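Predicted model, so just to flag it, every value in this text is computed and none were measured.
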Amino acid sequence: QDRTSVKIGYAISKTGPNSGGAGITTLPNYVLWAKEVNDAGGLEMPDGKKLPIEVVEYDDRSSAEEVVRAIERLATQDKVDFILPPWGTGFNLAVAPLFDRFGYPQLAVSAVTDKAPEFVKRWKKSYWLLGGGHDYTSALAGLLTKAAGEGTINKKIAMISVADGFGIDLVTAARPSFKDAGFEVVYDVTYPAGTTDFTPMINEAAGSGADTFVAFSYPPETFAITQQAQVAKFNPKILYLGVGTGFPVYGEKNGANAEGIMSLGGIDPKNEANAAYRKRHQEVTGQAPDLWGSVITYNSLQMLQEAIKRRGLDRDAVADELSNGTFQTVLGEVKLEDNQLRKLWFGGQWQSGQFVAVAPVDREGAAPAILPKPAWK
Amino acid sequence: MRTALGFAAAAIVFAVLAFAPFYLDAYGIGLMIGMTGYVTLASAWGLFSGRTGYVSLATVAFFGMGAYTVAVLNETLPYPVILLVAGAIGLLVAVVVGFSTLRLAGVYFVIFTFGLAELIRQLVTWFETTVTGTLGRYIFLPVGPEHIYWQLLVLCAATLFITWWVGRSRLGLALRVIADDEVVASHIGIDIARTKLALFSVSAVIITLVGAIQAPRWTYVEPAIVFNPTVSFLTLIMALLGGASRLWGPALGAIPLFLLFEWLSANFPDHYSILLGLLFIVIVFVLPRGVAGFAKDLTRRRPGGTPAAPKLDAAPLGTESREARS
Amino acid sequence: MLTTTLIAGLVLGGTYALVAMGLTIQYGIARTMNLAYGETIIAAAFAAYLVHNSLGISPILGLVLIAPAGFAFGWLVYRLLLRPLVRRSKGGAALEIDSILATFGLLFVIQGVMQVGFGGNYISYSYMNFGVDVLGASVAANRLLALVLALAIGGGLYLLLTHTRWGTALRAVAVAPASAPLVGIDADRAARFGFALGGALAACGGVVISMYQTFTASSGVIFTMKALIVVIMGGVGNLAGALSAGLILGLVETFVATYVSPGLTLAAVYLIFLAILLWRPSGLFGKARR
Amino acid sequence: MTALLSLSGLTRRFGGLTAVNALGFDIGEGEVVGLLGPNGSGKTTALNMISGALKPSGGEIRLRGEPIGGLSAHRIARKGVARTFQLVRILPSLTVAENVLAGLAFRGEPLWGEAARDEADLLLRKVGLEGRAGEAAEQLTYIDQKRVELARALAARPSLLLLDEWLAGLNPAELRTGIDLVSHLRDTGITILLVEHVMEAVRALCGRCIVMNAGTKIADGETPAVLRDAEVVRAYLGTAHA
Amino acid sequence: MLEVRTLAVDYGKHVALHGVSLDVKEGETVVILGANGAGKSTLLKAVAGLVRPRAGTSIRFAGAEVTRLPAHEVLERGIALVPEGRGVFPDLTVAENLMLGAYARRARKDEAANLAMVLDLFPRLAERRRQTVSTMSGGEQQMVAIGRALMSAPRILMLDEPSLGLAPVLVGELFQSLAKVGRAGVSLLIVEQNVRISLSIADRGYLLEAGRMVGEGQAAKLADDPSVQHAFLGTAAEA
Ligand SMILES: Nc1ncnc2c1ncn2[C@@H]1O[C@H](COP(=O)(O)OP(=O)(O)OP(=O)(O)O)[C@@H](O)[C@H]1O
Ligand SMILES: Nc1ncnc2c1ncn2[C@@H]1O[C@H](COP(=O)(O)OP(=O)(O)OP(=O)(O)O)[C@@H](O)[C@H]1O
Ligand SMILES: [Mg+2]
Ligand SMILES: [Mg+2]
C-alpha cells in the first residue's frame, strides 16, 4: 500500500508525580529520536524507502487507568504502527497485557524487575532492558567484597529504601546479595515516598558503625540525603544512593562533593557513540541525558529502528528480530538474551565530574572505583 | 406516571449501553469503563456528600481498598467471592470511619477524610513492605474489559436506583434536614448518627466495589497507583459540577468532564493543564449552579430541588447564634 | 540523642508551619479554600531558583522581590477570580463550592504554565546548606531559617491579629463578613488583603523551601495537602495553631523515624492528625463548638 | 397522679459559670406554665436540657416519671417533646410544606406520603400559612418563619411543647393573634412551657409562672401573685410594670 | 439631617418598598410603625447601604448624597444600624465586639467615653468582657449589638426592634438610655413593635404599610390616632 508515514505512538506522564522521572529518562529520548529520524528523511524500510515518523502523543497524567486507556486508543483508534512504552515499572506492567493483546512489541526500559523472565514467558513480545534489582545489588556486593578484601571498609552496611515498587525490589534483592557476600546489614529501614527529612535515618546510620551507606531512593530524596549528610558531617566510606545520582544536575549541583558517590547505572566515558549521543541530546532537547536509563532508552529506539529496517512494519517480524537480532547502538553491540538486556552497567560513581561505570567490576570498560569516598569539602 | 416513564427511559438507556461492547473497539470500551466508573463514583459520592453537605475526600480510600482486596485475593478466591469480601471490607471500614467522624463538621470533615485516605495508604504500604515484603501485586484474572464494563454498568444502575429511592424516601428528607440544620434535625426526632452512618456506608460500599471491579484492568497494583488522591478530587469535582444533590447531577458532571479530560489530553498533551484550568474557571462563572441546575433551568423550575451546599462552614451546633437572617 | 531528635523535629516542623501559615490566613480571613496554594509556593520556588541561578542573586535578597510579588499575585487572584464569586454568592454557601472549583482550575493553570516554562523535571539547588550547631545537634542553616521565619511570622502576625484593632477587624470579617460593614469595615478589602497576605507568606515559604527541597512543576499539590493538614489540625485561621501543629507534626515524624520506624512516619503524622481532630473537632486552637 | 414533666436539682455549668442551678419544678398535664427571668438567667439553658440539646451537669428530668435527662435530642423528641427556638431555626433550603413534613416524618409514630401532605396542609392552616406551602421557607418574613417553626413543632403531636420567646417581635395586633393561637393549643390539651418576656402574653396565657434569676428559681405560683412578688419585680419586671 | 426620597427596593420580583420618603432632623427621635412584612427592616437596611435601592431613590445625610455608598462608608458618615438578628461577631469576645464598634475613624476619639457609657448601660457586658458572644443568651447578645452600635459614635442611630428578647426591666432601662442618647444630640430612627414605649420617647412617627408610607405625625398624636390601629390591623388581619 502507499503509505507516506509511520505512526509511532506513546503515552507518557507529562503531568503528575511521575512526570519528574518520565521527563528526564524517557520523553526527551522519544523526542530526540523522532527528530533525528525525520531529519534523516525518515525510517528506512527493507526496500530502502524512507518514511517519516508521525508521532501520536498522549499524557497519561500519572494515572494507571489513563495509561491503559491511552494504549487502547493508540492501538484501536489511531492504529499506530508501533507503541513506545510508558515510564515506570508499574505502568509498564499495567500496559503489558494490552501490548500483548494488540500484538505490539513492548521495549520496556524504565522498569527494574527481577521477574522479567516470567514476564517474557507470559508476554512473548515484551522486552526488559534495565535489568532486575538483583543485578544491581549483586554488582554492588561484588564491589563491596573487593573493597572489604582490600581492607578499605568493614563488613557492615546501613541501608534505607523508599517504600514503593522500586525500593522494595532492590532492597529485597540486596539482602541476600549482601548476606551471600558476607556482609551484615546493621540498619535496614524503609521510608515512605515523599519523605523530606532524613536527619533521623542519617543519625542512626552514623551511629550504626557501618562503613557503607546504601539508599535505594528517588531523586528528591537522593538530593536531600546528599545535602543532609553533608550538614550532619556524615561521611561513610561508601555512599551509594538511588535514582537521581545519575542526573547531570546532581553532578553540577554537588560539584566536588559528588566525588566518590555511587549509584545505579553509569557510562563508559570512552564509548564514543555514547558521547556523541549525549551531545546531540543536549543540543536537541536542551538538557543533558541522565547517566543511567537515558542511553538505554535511546538504545531501545535504535534497536526498533534497525529491526524495522531489516523486517519492515510487520510487528511480528520486528518482534522476532528484536528477540534474535544483533544490533549496533549507542551501547555498542547489543543482543538480547531471552528478551532481556543483560550487558548493562549496574553501578556507577562520580569521578572528577563524570558519572563513570564501575560495576560489574569484571566488565571491560569499568573504571576502578575510588574508595573510600573522599571527605566532604 | 412520570416515574414510570422515567423508569422506562432509564431502562432503555441502560439496555442500549449494555450492547456497547458489541459495536465499540477496545478504546471505546475503555472509554465507557472509565466513564461508567466515574459516573458511579460521583453518584455514590453525591449520595452521601451531596445530600448531607459533608464533603468527603475518602473516596480513594475505599476505591483503593477495593482494588487492593482483589490484588491480594485474586489467586486464592473465586472472583465473585472476592467482590463480596471487598464490599464487606468497605462496609466495615465505613462504619468505623463513619462513627469516628460524627463530631466533625465542615472543612474539618473534609480534611479528616483526606488524612484518612492517606493513612490507609501509608498503612497498606507499611504492611506490604515490612510484613509481607512485597509491595506490588499482580492481578492475572481472566476478566475482560467488556466484563468489567458490564459489572460497572450494573453497579451504576443500582447506584442511581438507590439514589432515586433515597431521594423520595423519608431518609432523603432526613438528609436534607441534616444538611440544613443538625440541631433542628435532632429536635424533630432524626437520629443523625444512624442516618449519616447508613448513607455513608452505602456510598462507601459502592465506591469500594468500583475499585474492585476496575482492578483487573491494571495487572499490577501498588498503593501509589490505587490510592492516587486524584480519584477523590475528580469524583468531588465531577459531582459538584453536575450538582451533587440531584439524581442525575453527578452523572451530568462526570460524563462531559470525563470526555473533556480525554479530548484535552489527546489533542493538547502539552497545554492540557492550562486549558483544563481555564475551562474550569469558565464553567464556574458560566454555570453557577452546576450542570444539573442549568439543565433544570432550561426545562422548568420546581421548588424543592435546591442543592444542599457543602457545609464547609457549618453553623455551630448547639449554640443559639445565627447570623443576620435574610 | 534525645535533644538531637528534638531539635531535628522542631526544625522540620518549622518548614511545615511556614508552609501552612499563608493558607491559614487565606482560609481564615478570605474564607476561600485555595486549592492553588501549593502552586503559589512552587512558583515562588521557581522564581527563587531563577534569581539564584540566572541572576546570581541570593534567595534571601530574592525574598524582597518575591514576597511582594506573592502579595500582588494573591491580590489579583482575589480581585479577578474570587471577588466576582463572593459577590454572586451574596454570603450564601454556594461560595464554598465555587471557590473550590475555581481555585482547582487555577491550580491547573499555574501548574500548566510552569510545566510549559520549566518542563517536568526535578529542580534543585542549594543555598545556605551548612551545618549550624544548636545544642550539640548539627542543623542545616537553610532549614533553621525556615523555622526562624515561621516563628517570627507566625508569632508576629498572631500578636497583630489578636491584639490590634486592625487584626481583630480581619478576624471579624472571617467570622461574619455580612456584619463587618455594620461597624465600618470594608469586608471586601479585608478579605482581599488577607488573601494577598497569604500569597506573600506562600511566596516566602516557597523561596526558603527551594533552598533545600527538590521540586517539580507538579509538586504543588503535596504542599497544599500538607498545609491543609497543618491548618486544620491547628484550627482554621489560627496562626498559633498552625505554628504548633506544624511543630508537633515535625516532632512526631522525627521521633517515629528515630524510635519506631521511618516507614511509619507519615502514617504516624496522619494518625496524630486524626486523633487530634477526634479529640478536638475544631483543631487544637479552634473555637470549641458546643 | 405524676406530673408530665418534673425537674429536680437540674444544674448546668459552663466553665466557671453556673447557668442553671439546682432547678426544680413539676408541670402537670395540660398546664401552661410561664418560665420568666432576666436575660441570661438560664431559661434557654433549662429548655435546652429538657429538649436534649444540652446535657445536664447534674439533676434529673422526668417525663411522665421516666428519666430523660441526658438522652439525645432525637430520643426525647420521639417521646413527644417539641420545641421552638429563641432565634428561629427554619430549614432554609426546604419549602414551607417540607418544613412541616419533616416534623411529621420522624416523630414517634411517623407520618409519610399522602396522609402527611394533608396533615401538613392542616397544620399550616392552623398557624395561618394556608396557601404558602410551596414557598421557600427562607424567603418568609420573620413572623412567618416563626409560624413555620410552630407548625413543625406541632407536627410532632407533642405532649409537651417548649416555646422559647415565640411571641417576641410581634406587634400588638399580631400578638393578639399569636396569643389566640397558643391559647387554642392550650385548649386542645397540649402542655406548654413558655419562655417569654412579653408580659401581656404571659398574663393572658399562663395560669402559673416560674421565675428564675441567675440560674435559680426565685418564684413559682399563680401568675398574678408571682408578678406582684417584690423580688420578681425588682429583678425582672422593673417598677414600670408593677 | 437624614432625607429619604422615593426609596424603592425589590427582592427579585417582590417589591418591598414602593418609593417611600422620610425625614429625620438633627437630634430628633423618629419611630417607624408597621405590620409584619411592611418593609420596615428593608428601609433601615437601605439607608445603611446593606441593600441596593432602585434607581430614582435619593438618600441624603447631612446634606450629602449617600444613596449608593458602600455600607462601611455609610457608617463612617455617622449612620449606625442595629439590625434585626443583631449582626454581632459570634466568635469574638464581648470586648472585641465593642472594640470593633469603634472601628470607624470618627469613633476613635471618644472610644473610652463611649465604652464607659455602654458598660454603664449594660453592666452585664462589663461582667462578661471575655465571653465569646456566641455563647451568650439571646438578650445578652442584643446588648452587645446595641452597645457596639453606640461605640461608633453615631450621629444617627437606627435600631431594628431593639427590645426584642430583652427582659421587661431592661426594656425600660434601654429606652430611658436611648432617650438620654437622643438628648445628647444623636438622632434616632427606631423600628419597634412595642409601640407604647417607643412612642413615649419619640418626637415623630411614620406609618408604613405594604411598602408605602400611609401616615406621619407627632408621636403624642399618633399614640391615640385610630389610623395607628389601622396600620397594625392592616395586613396582619387575616393571619
Ligand atoms: N455555651 C455557653 N458557654 C458559656 N456560657 C454560656 C453558654 N450558653 C449559655 N451561657 C451563659 O449562661 C447564661 C444563661 O443563658 P441562657 O441562654 O439560658 O439565658 P436566658 O435566660 O435564656 O436569657 P435570655 O432571656 O436573654 O434569652 C448566660 O449568662 C449565658 O451567657
Ligand atoms: N432577602 C429577601 N428576599 C426576598 N424577599 C424578602 C427578603 N427580605 C425581605 N423580603 C420581603 O420583603 C418584605 C419586607 O420585609 P421587611 O423585612 O422589610 O419587613 P418588616 O417590616 O421589617 O417585617 P417584620 O416586622 O417581620 O420584621 C416582606 O414581604 C419580605 O417577605
Ligand atoms: Mg434565652
Ligand atoms: Mg423587620
Problem - Portion of C/V113 that has a non-hydrogen atom of chain B nearer than 4.5 angstrom - result: both
Exercise for the section: Taking the side chain as every heavy atom from C-beta outward, state whether C/F108 and B/S273 have any atom pair closer than 4.5 Å. Expected result: yes
Problem - Contacting moiety of B/F114, where chain C heavy atoms sit under 4.5 Å - result: side chain
Handout entry: Flag if over 12 foreign heavy atoms under 6.0 Å of OH, C/Y259
Key = yes
Problem - Contacting moiety of C/T265, where chain B heavy atoms sit under 4.5 Å - result: neither
Handout entry: Heavy-atom contact with chain B under 4.5 Å, split by part of C/V269
Key = neither
Handout entry: Side-chain heavy atoms of B/E118 within contact of C/L266, under 4.5 Å
Key = no
Practice task
Could you tell me which non-hydrogen atom of B/L278 sits nearest to which non-hydrogen atom of C/V109, and how far apart they are?
Solution key: N-CG2, 3.5 Å
Exercise for the section: Sort B/I120 into side chain, backbone, both or neither according to what part of it lies under 4.5 angstrom from a heavy atom of chain C. Expected result: neither
Fill in the blank from the handout: One option among C/L81, C/T103, C/I232 has the most heavy-atom pairs under 4.5 Å with chain B, and it is C/I232
Exercise for the section: Indicate yes or no: at least one non-hydrogen side-chain atom of C/P281 is less than 4.5 angstrom from one of B/F112. Expected result: no
Completion exercise
Smallest heavy-atom separation, B/Y108 atom then C/G283 atom, equals CE2-N, 3.7 Å
Problem - Straight-line distance of B/T130 OG1 to C/L264 CG, nearest 0.5 Å - result: 7.0 Å
Practice task
Evaluate the side-chain proximity of B/I274 to C/M114: yes if any heavy-atom separation is below 4.5 Å, no if none is.
Solution key: no
Handout entry: Closest non-hydrogen atom pair, C/A267 against B/L123
Key = CB-CD2, 4.0 Å
Practice task
Kindly compute the distance separating CD1 (C/I100) from CD1 (B/I237), expressed to the nearest 0.5 Å.
Solution key: 7.5 Å
Completion exercise
Between the CG atom in B/L240 and the CG atom in C/D98, the distance rounded to the nearest 0.5 Å is 9.5 Å
Exercise for the section: With rounding to the nearest 0.5 Å, note down the distance linking CG in C/L274 to OG1 in B/T101. Expected result: 10.5 Å
Practice task
Using the six-membered ring wherever Trp is involved, compare the ring planes of B/F233 and C/F104 and label them parallel, tilted or perpendicular (cut-offs 30° and 60°).
Solution key: parallel
Exercise for the section: Please report the shortest heavy-atom distance between C/P84 and B/F285, naming the atom on each side. Expected result: CB-CE2, 3.6 Å
Problem - Within-4.5 Å side-chain heavy-atom neighbours: C/L101 and B/L241 - result: yes
Practice task
Measure across B/V107 and C/Y27 and return the closest heavy-atom pair with its distance rounded to 0.1 Å.
Solution key: CB-OH, 3.6 Å
Problem - Side-chain heavy-atom pair C/L277, B/L104 within 4.5 angstrom cut-off - result: yes
Problem - side chain to side chain contact (heavy atoms under 4.5 Å, CB included) between C/R88 and B/V284, worked out - result: CA-CA 11 Å; C/R88 185 171 87 187; B/V284 176; 4.1 Å; yes
